[in-house]
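Here the structure is laid out as C-alpha cells; the discussion comes afterwards.
Below, all heavy atoms of this structure are taken into account, side chains as well, without hydrogens, waters or symmetry copies. Just so it is clear: chains get the letters A, B, ... in the order the sequence lines come, proteins before strands, and each one is counted from 1.
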There are 2 protein chains.
Amino acid sequence: MTQSTSPDTPSGQDALPRQHRQYTIGELARMFEVTPRTIRFYEQEGLLAPHREGQKRIYHEKDRVRLKLTLRGKRLGFSLGEIREVVTMYDAMPDGNARQLRRLLEILADKRANLERQLEDIRLMRMELDDVDHRAREVLRGLGHEA
Amino acid sequence: MTQSTSPDTPSGQDALPRQHRQYTIGELARMFEVTPRTIRFYEQEGLLAPHREGQKRIYHEKDRVRLKLTLRGKRLGFSLGEIREVVTMYDAMPDGNARQLRRLLEILADKRANLERQLEDIRLMRMELDDVDHRAREVLRGLGHEA
DNA sequence: CAAGCACTTTACGTTAACGTCAACCTCGTC
DNA sequence: GACGAGGTTGACGTTAACGTAAAGTGCTTG
C-alpha cells in the first residue's frame with residue numbers, strides 16, 4: 001500500500017546513482033512489504049550480510065538485490081536453505097574450486113527441473129481454474145433467469 | 001522409485017474401467033509418493049472424504065483426482081486452507097447460492113493472479129540461473145587451462 | 001494358531017519461518 | 001530534558017504440515 005521507493009524501477013525522484021544508494025532496514029522492509037524482523041532473520045540465516053554504522057545495519061545495492069532474489073525464490077516455494085546454497089555459492093564462485101562449481105551446476109539443474117515442473121503445474125491449474133470459472137458463471141446465469 | 005500404478009496414465013495392466021476402481025490408502029500413497037499419514041491429514045483438514053468399508057478407508061476416482069489437485073496446489077505454494085476453499089466450493093457449486101459463487105470467482109481470480117506472478121518469477125529466475133550457470137562453466141574452463 | 005502385513009486411532013514431537021514482546025540505545029526537535 | 005521515531009539484541013510464542021511412536025483390529029498364510 002505505502003509504495004514509497006519502488007524496489008525495481010529507478011526512483012526518478014532524487015536522481016541518485018543508485019549504485020551508491022544506501023538503505024536502512026526499515027526502508028528495505030517497506031520496499032518489499034516485509035517486516036524488519038524478516039530481514040534480520042534472513043541475515044541470521046546467512047542470506048544477507050549488511051555493513052554496520054556503529055550499531056545500525058546499512059544495506060547497499062547488492063544487499064537489496066539479494067533480498068529481492070530471496071523473496072522471489074520464496075514465492076516459488078524454495079526454502080531459505082536452498083536459496084542460500086545458490087546465492088552464497090554464487091558469491092564464492094570466482095575462487096571456488098572445481099568440485100564446488102560442479103556441485104553448484106548440479107543444484108542449478110535441480111532448480112531448473114523444479115521450475116519446469118512448476119510451469120506445467122501452472123498450465124494445468126490454469127485450465128482447471130478456467131473450468132471451474134466457466135461452470136460457476138453458468139450456474140450464476142441460471143440463477144439469474146429463474147425466481 | 002517403486003512406481004507401481006501410475007497416477008495419471010491408465011494402468012494398462014488390468015484393463016479396469018478406471019471409473020470404478022478403488023484404492024486403499026497405501027496404494028494412493030505409493031502412487032503419489034506421499035505417506036499414508038499425509039493422506040489422513042488431508043482428510044482431517046477437510047480435503048478428502050473417502051468412504052469406509054468397516055473401519056478401512058476406500059478411495060475412488062474422485063478422491064484420487066482430488067488428491068492430485070491438492071498436491072499440485074501444494075507444489076505451487078498454496079496452503080491447504082486455500083486449496084480447500086476452492087475444491088469444497090467446487091463440489092458445493094450446483095446448489096451454491098449466488099453470493100457463494102461470486103466469492104468463488106473472486107478466489108479464482110486471486111489464484112490466477114498468483115499464478116501469473118509465478119510465471120514471471122520463473123522467467124526471471126530462469127534467466128538468473130542461466131547467468132550463474134554460464135559464469136560457473138567459464139570459471140571451470142579457466143581452471144582446466146591453468147595448473 | 002502364530003506371524004506378518006496393512007490398516008486404524010490417539011497423541012505427542014518436530015521443523016521452518018517468522019511474530020511478538022521486553023528492555024535498551026540514539027538521534028532530532030519541541 | 002522529555003519524547004517520539006527509528007534502530008538494536010535477546011528470548012519466547014505461534015502456525016502449518018506433517019513425522020513418529022504406541023497400541024489395537026483384521027485378514028491370510030505357513
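The interatomic distance linking Glu53(B) (CD) with dG26(D) (C1') rounds to 13 Å, in whole Å. Here dG6(D) presents its C1' atom at 14 Å from OH of Tyr59(A), a figure rounded to the nearest Å. Rounded to whole Å, the distance from CZ on Phe32(B) to C1' on dC18(D) is 18 Å. Computed from coordinates, the Glu43(A) CD to dT8(D) C1' distance equals 11 Å when rounded to whole Å. One can place CD1 of Ile58(B) at 15 Å from P of dG26(D), the figure rounded to the nearest angstrom.
Grouped with Met127(B) in a hydrophobic cluster is no other residue, since no side-chain heavy-atom contact under 4.5 Å to another Ile, Leu, Val, Met, Phe, Trp or Tyr is found.
Taking the nucleotide of DNA chain D with the nearest heavy atom to each of Ile25(A) and Glu45(B), the more 5' of the two is matched to Ile25(A).
Using a 4.5 Å heavy-atom cutoff, the side chains of Leu105(B) and Leu140(A) are in contact. Under the 4.5 Å side-chain criterion, counting only non-hydrogen atoms from C-beta, Arg117(B) is in contact with Asp121(B).
At a non-hydrogen distance threshold of 4.0 Å, Lys74(B), Ser79(B), Leu80(B) from residues 74-85 of chain B come into contact with DNA chain D.
Hydrophobic clustering of Ile, Leu, Val, Met, Phe, Trp and Tyr side chains at less than 4.5 Å, counting indirect connections, unites Met89(B) with Leu80(B).
From Lys74(A), atom NZ reaches atom OG1 of Thr38(A) across 8.0 Å, with rounding to the nearest 0.5 Å. Annotation: the span from Asp110(B) atom CG to Leu129(A) atom CG amounts to 10.5 Å, rounded to 0.5 Å.
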Letter per nucleotide, 5' to 3', of nucleotides 19-25 of chain D [B base touched, S only sugar-phosphate touched, - untouched; heavy atoms, 4.0 Å]:
BB-----
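Salt-bridge annotation for Glu116(A) and Arg126(B): present, with a side-chain N of the basic residue lying under 4.0 Å from a carboxylate O of the acidic one. Under 4.0 Å is where a charged nitrogen must lie from a carboxylate oxygen, and between Arg141(A) and Glu138(A) no such pair does.
Partner of Leu76(B) under the side chain to side chain contact (heavy atoms under 4.5 Å, CB included) criterion, out of Leu71(B), Leu115(B), Asn114(B), Ile83(B): Leu115(B) alone.
Partners of Arg112(B) by salt bridge (charged side-chain N to carboxylate O under 4.0 Å, His left out), not counting sequence neighbours, listed by chain and number: Asp130(A), Asp133(A).
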Enumerate, atom names and distances included, each donor-acceptor pair closer than 3.5 Å involving a side-chain atom of residues 40-57 of chain A, sequence neighbours excluded.
from: Glu43(A); atom 1: OE1; to: Arg57(A); atom 2: NE; distance (Å): 2.6
from: Arg52(A); atom 1: NH1; to: Gln55(A); atom 2: O; distance (Å): 2.9

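Of all nucleotides in DNA chain C having an atom under 4.0 Å from a heavy atom of chain B, the first and last in 5' to 3' order are dC7(C) to dT9(C).
In this structure, Arg57(A) reaches the sugar-phosphate backbone alone: every heavy-atom distance under 4.0 Å involves primed, P, OP1 or OP2 atoms, never a base.
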